[in-house]
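Below is one structure, written out as structure tokens; comments come after it.
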Amino acid sequence: MSDDSLTKQDFQRLSHFRYQLRCFLRQSDDICRDHHLTPLQYQLLLHLLGFAGREWATMSELAERLQAKHHGTVMLVDRCEQLGLVERRPSRDDRRRIEVHLLARGAELARRIAELHQPELRHLQQEFHLPGWPDVP
């Protein structure tokens, strides 16, 4: 694709999207830090709380959700485990597989932080009509 195929409006749209995304992420980072978590620690808790169909995830699944390397995810889980937010458990189905489970403290913290994200999410929903999201009044 050559540069000539993009219009000024295409660049404005992309710029606006990136700006709104960056505003959301900056605000999210501030909320996490106010709760003494790094943004990645919160994302780990959020992915465990929001994992479809079960209440746990494997390291590989978490690495994919975080778009991180496996060893980096292991270190992140180590830190969250030390904080009493998650725990590793051997899988009942396959003892070689380790499941990462959210503990009550981690779930409560994730819920509290997620609640504080709701106003900005509503703002994004008004900015961008996202499929699958409820209509905003």
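Since we're looking at a predicted model, the values are computed, not measured.
- Atom CG of Leu76 and atom CD of Glu81 lie 11.5 Å apart (nearest 0.5 Å).
- Salt bridge absent: Asp29 and Arg26 never bring a charged side-chain N and a carboxylate O closer than 4.0 Å.
- With ring centers used as reference points, His117 lies under 6.0 Å from Tyr42.
- When atom types are taken as modelled, the side chain of Arg105 and the backbone of Leu83 share a donor-acceptor pair closer than 3.5 angstrom.
- Between Gln20 and His123, the side chains place a donor N or O and an acceptor N or O closer than 3.5 Å (distance only, hydrogens not considered).
- Here CG of Leu49 is found 7.5 Å from CD of Glu55. Values are rounded to the nearest 0.5 Å.
- Atom CZ of Arg22 has more than 12 neighbouring heavy atoms from other residues, nucleotides or ligands inside a 6.0 Å radius.
- No donor-acceptor pair under 3.5 Å is formed between the side chain of Gln67 and the backbone N or O of Ala63.
- Note: the hydrophobic cluster containing Leu102 does not contain Phe51 (ILVMFWY, side chain heavy atoms under 4.5 Å, direct or indirect links).
- Closest approach of Leu48 and Ala57 over heavy atoms only: CD2-N, 3.7 Å.
- In this structure, a donor-acceptor pair under 3.5 Å is absent between the side chains of Ser91 and Asp94.
- At least one side-chain heavy atom of Arg112 sits less than 4.5 Å from a side-chain heavy atom of Leu109.
- Expressed to the nearest 0.5 Å, how far NE2 of His101 lies from CD of Glu87 amounts to 7.0 Å.
- Annotation: side chain of Ser15 is not in contact with side chain of Arg18 (no heavy-atom distance under 4.5 Å).
- Arg88 is not listed as a side-chain neighbour of Glu99, based on a closest heavy-atom distance of 4.5 Å or more.
- Using a 4.5 Å cut-off between side-chain heavy atoms of Ile, Leu, Val, Met, Phe, Trp and Tyr, with links allowed through other members, Leu46 and Leu124 fall into different hydrophobic clusters.
- When side chains are defined from C-beta on, Leu121 counts as touching Phe24, because their heavy atoms get closer than 4.5 Å.
- Using a 4.5 Å heavy-atom cutoff, the side chains of Val100 and Leu62 are in contact.
- Within the model, atoms CG of Leu14 and NE2 of His16 stand 11.5 Å from one another, a figure rounded to the nearest 0.5 Å.
- Atoms NE2 and CG, on His47 and Leu45 in that order, are 10.0 Å from each other to the nearest 0.5 Å.
- In this structure, the separation between OG on Ser60 and NE2 on His70 is 4.5 Å, given to the nearest 0.5 Å.
- We find that Glu120 and Arg122 are not joined by a salt bridge, their nearest charged nitrogen and carboxylate oxygen being 4.0 Å or further apart.
- Two different hydrophobic clusters hold Leu44 and Ile98 under the rule that ILVMFWY side chains link at heavy-atom gaps under 4.5 Å.
- Leu103 and Met59 fall into different hydrophobic clusters, where Ile, Leu, Val, Met, Phe, Trp and Tyr residues are linked whenever their side-chain heavy atoms come under 4.5 Å apart, directly or through other members.
- Hydrophobic clustering of Ile, Leu, Val, Met, Phe, Trp and Tyr side chains at less than 4.5 Å, counting indirect connections, unites Phe17 with Leu25.
- Contact of the Pro90 side chain with the Arg97 side chain is not registered, since no non-hydrogen atoms from C-beta on lie closer than 4.5 Å.
- Annotation for Arg96: atom CZ does not count as buried by contact number, only 12 or fewer foreign heavy atoms lying within 6.0 Å.
- Atom CD of Gln118 has more than 12 heavy atoms from other residues, nucleotides or ligands within 6.0 Å.
- Residue Glu115 places its CD atom among 12 or fewer non-hydrogen atoms of other residues, nucleotides or ligands, all under 6.0 Å distant.
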